[in-house]
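Hydrogens, waters and symmetry mates play no part in the numbers below; they use all other heavy atoms, side chains included.
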Amino acid sequence: LSIGDVSGKGLGAALFMVKLQSTLRAIISDYSSLEKFAAKLNNIFYRDTDKKNFASMIYLEAKDNCNEIRLVNCGHMPPMIIEGKSVIELPKTSPAIGLMDSAEFKEQKLRIESGSILLLYSDGLPEAKDEFGNFYGDERMRRYIPKISHLDATLFGEKLLDRIFSFIQAAPAHDDMSLIVLKKL
C-alpha cells in the first residue's frame with residue numbers, strides 16, 4: 001500500500017502524482033530492500049523534475065496472517081499506531097522524494113498486535129480549517145482517535161473524517177484528505 005502527497009496544486013501536481021504512482025509500480029518489484037527502492041525513486045525524481053516539486057510518501061508491505069509490517073516513510077506525516085487508548089506516533093526517518101540528491105532512506109519494521117490500528121494520513125486531516133481559520137490539529141486528532149479505536153477499519157476512517165468535517169463545517173476545503181486505516185484482527 002502507498003499514500004502520498006505532492007507539492008503544489010492543479011494539473012501540474014496531478015501529473016506529478018501520476019508519474020510517481022506509475023514509477024513506483026514500475027520499479028518496486030525490482031527491490032527487496034525498501035531503502036534501495038526509495039533511493040532509486042528519489043534519484044529518478046530528483047534527476048527528472050523541477051527542483052521545486054517533491055512528494056511525501058509512505059510505502060508499506062503487509063502480509064496476510066503476519067503481525068509484521070515493513071514501511072518506508074519518505075517525508076510524509078508520521079504513521080500512528082493505536083493500541084486501545086494509547087496513540088504511538090512513529091518517528092520521521094527520511095526526506096521527501098525529489099528534495100535532495102542521494103538522500104538516504106530508512107526502512108521501519110513494525111509489529112501490529114491483534115486489535116491495533118495503523119493509521120496513515122495526509123496533512124489535510126490535521127490542517128483542516130474551520131471558518132475562523134483554526135486548524136483541526138494533531139492534538140485534537142490524537143485525543144479523538146482512541147475513542148473510536150474499538151471500531152473496524154472502515155468505520156474508524158469514516159468516523160474520523162466525519163469528525164473533521166463537523167469541525168470545518170461550511171469552510172471551503174484547502175487541501176485533500178487521504179487516509180489508510182489497517183486494523184489487525
Side-chain angles (χ1 to χ4, degrees), residues 1-10 12-28 31 33-46 48-62 68-82 87-112 116-129 135-142 144-145 153 156-157 160-161 164 173-184:
L1 299 170
S2 63
I3 186 169
D5 196 6
V6 298
S7 60
K9 302 222 181 290
L15 291 172
F16 189 88
M17 182 53 82
V18 168
K19 180 180 177 181
L20 179 62
Q21 184 180 24
S22 61
T23 305
L24 182 153
R25 287 181 174 174
I27 70 170
I28 188 61
Y31 294 91
S33 164
L34 296 185
E35 293 171 350
K36 290 180 181 176
F37 153 71
K40 179 64 174 180
L41 194 62
N42 181 69
N43 289 343
I44 290 168
F45 277 81
Y46 186 80
D48 295 349
T49 58
D50 188 330
K51 299 307 173 237
K52 66 181 180 190
N53 294 332
F54 62 91
S56 68
M57 179 191 83
I58 295 175
Y59 176 84
L60 73 82
E61 294 180 349
E68 188 174 277
I69 292 175
R70 297 175 1 154
L71 69 86
V72 60
N73 183 348
C74 305
H76 202 72
M77 299 297 295
M80 292 182 184
I81 298 173
I82 300 96
V87 178
I88 302 154
E89 188 175 283
L90 298 177
K92 292 184 180 182
T93 58
S94 305
I97 298 293
L99 266 183
M100 60 183 70
D101 191 23
S102 303
E104 292 186 24
F105 297 87
K106 181 153 178 57
E107 179 178 318
Q108 294 174 293
K109 292 182 182 176
L110 314 173
R111 284 196 56 81
I112 303 295
S116 296
I117 292 172
L118 177 63
L119 174 63
L120 290 73
Y121 59 97
S122 67
D123 61 357
L125 277 71
E127 293 177 4
K129 292 181 188 178
F135 289 108
Y136 184 72
D138 294 315
E139 188 56 39
R140 194 181 316 242
M141 201 163 99
R142 274 194 286 282
Y144 180 65
I145 56 181
F156 178 96
L160 179 55
L161 289 174
I164 293 170
H174 72 282
D175 201 358
D176 61 290
M177 290 187 233
S178 306
L179 64 123
I180 295 174
V181 181
L182 299 175
K183 185 163 189 176
K184 176 70 174 161

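- A side-chain contact (heavy atoms from CB on, under 4.5 Å) with Y59 is found for one member of I3, L41, L24 and no other, namely L24.
- Closest approach of A96 to N42, counting heavy atoms only: O-OD1, 3.7 Å.
- Among all heavy-atom pairs drawn from H174 and A128, the shortest one is CE1-CA, 4.1 Å.
- Cation-pi check for K40 over F45 is not met; the charged atom does not lie both under 6.0 angstrom from the ring centroid and within 45 degrees of its normal.
- Residue T49 comes nearest to N53 through the heavy atom pair OG1-O, 4.4 Å, listed as atom of the first residue, atom of the second, then distance.
- Contact annotation: the side chain of Y46 approaches that of K51 to within less than 4.5 Å [non-hydrogen atoms, C-beta and beyond].
- Listed here is the closest heavy atom pair of I117 and F156: CD1-CD1, 3.6 Å.
- Atom-to-atom distance recorded for D175:CG and L125:CG is 9.5 Å, nearest 0.5 angstrom.
- Minimum interatomic distance between G75 and S56 (heavy atoms only, all atoms of both residues): O-CB, 3.3 Å.
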Considering only distance and modelled atom types, tabulate donor-acceptor pairs under 3.5 Å from the side chains of residues 97-107, sequence neighbours left out.
residue	atom	partner	partner atom	Å
E107	OE1	L34	N	3.3

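- To the nearest 0.5 Å, atom CD of residue E89 and atom CE of residue M80 are 5.0 Å apart.
- Side-chain atoms of L110 and L90, non-hydrogen and from C-beta on, do get closer than 4.5 Å to each other.
- For the atom pair I81 CD1 and K184 NZ, the distance stands at 13.5 Å (nearest 0.5 Å).
- Under the 4.5 Å side-chain criterion, counting only non-hydrogen atoms from C-beta, Q108 is in contact with P91.
- Rounded to the nearest 0.5 Å, atoms CG (L60) and CD1 (I69) are 6.0 Å apart.
- In terms of modelled atom types and a separation under 3.5 Å, the side chain of N73 and the main chain of H76 share a donor-acceptor contact.
- A 4.5 Å side-chain heavy-atom check between L182 and I112 finds every atom pair outside the cut-off.
- Taking each heavy atom of F135 and P126 in turn, the nearest pair found is CB-O, 3.8 Å.
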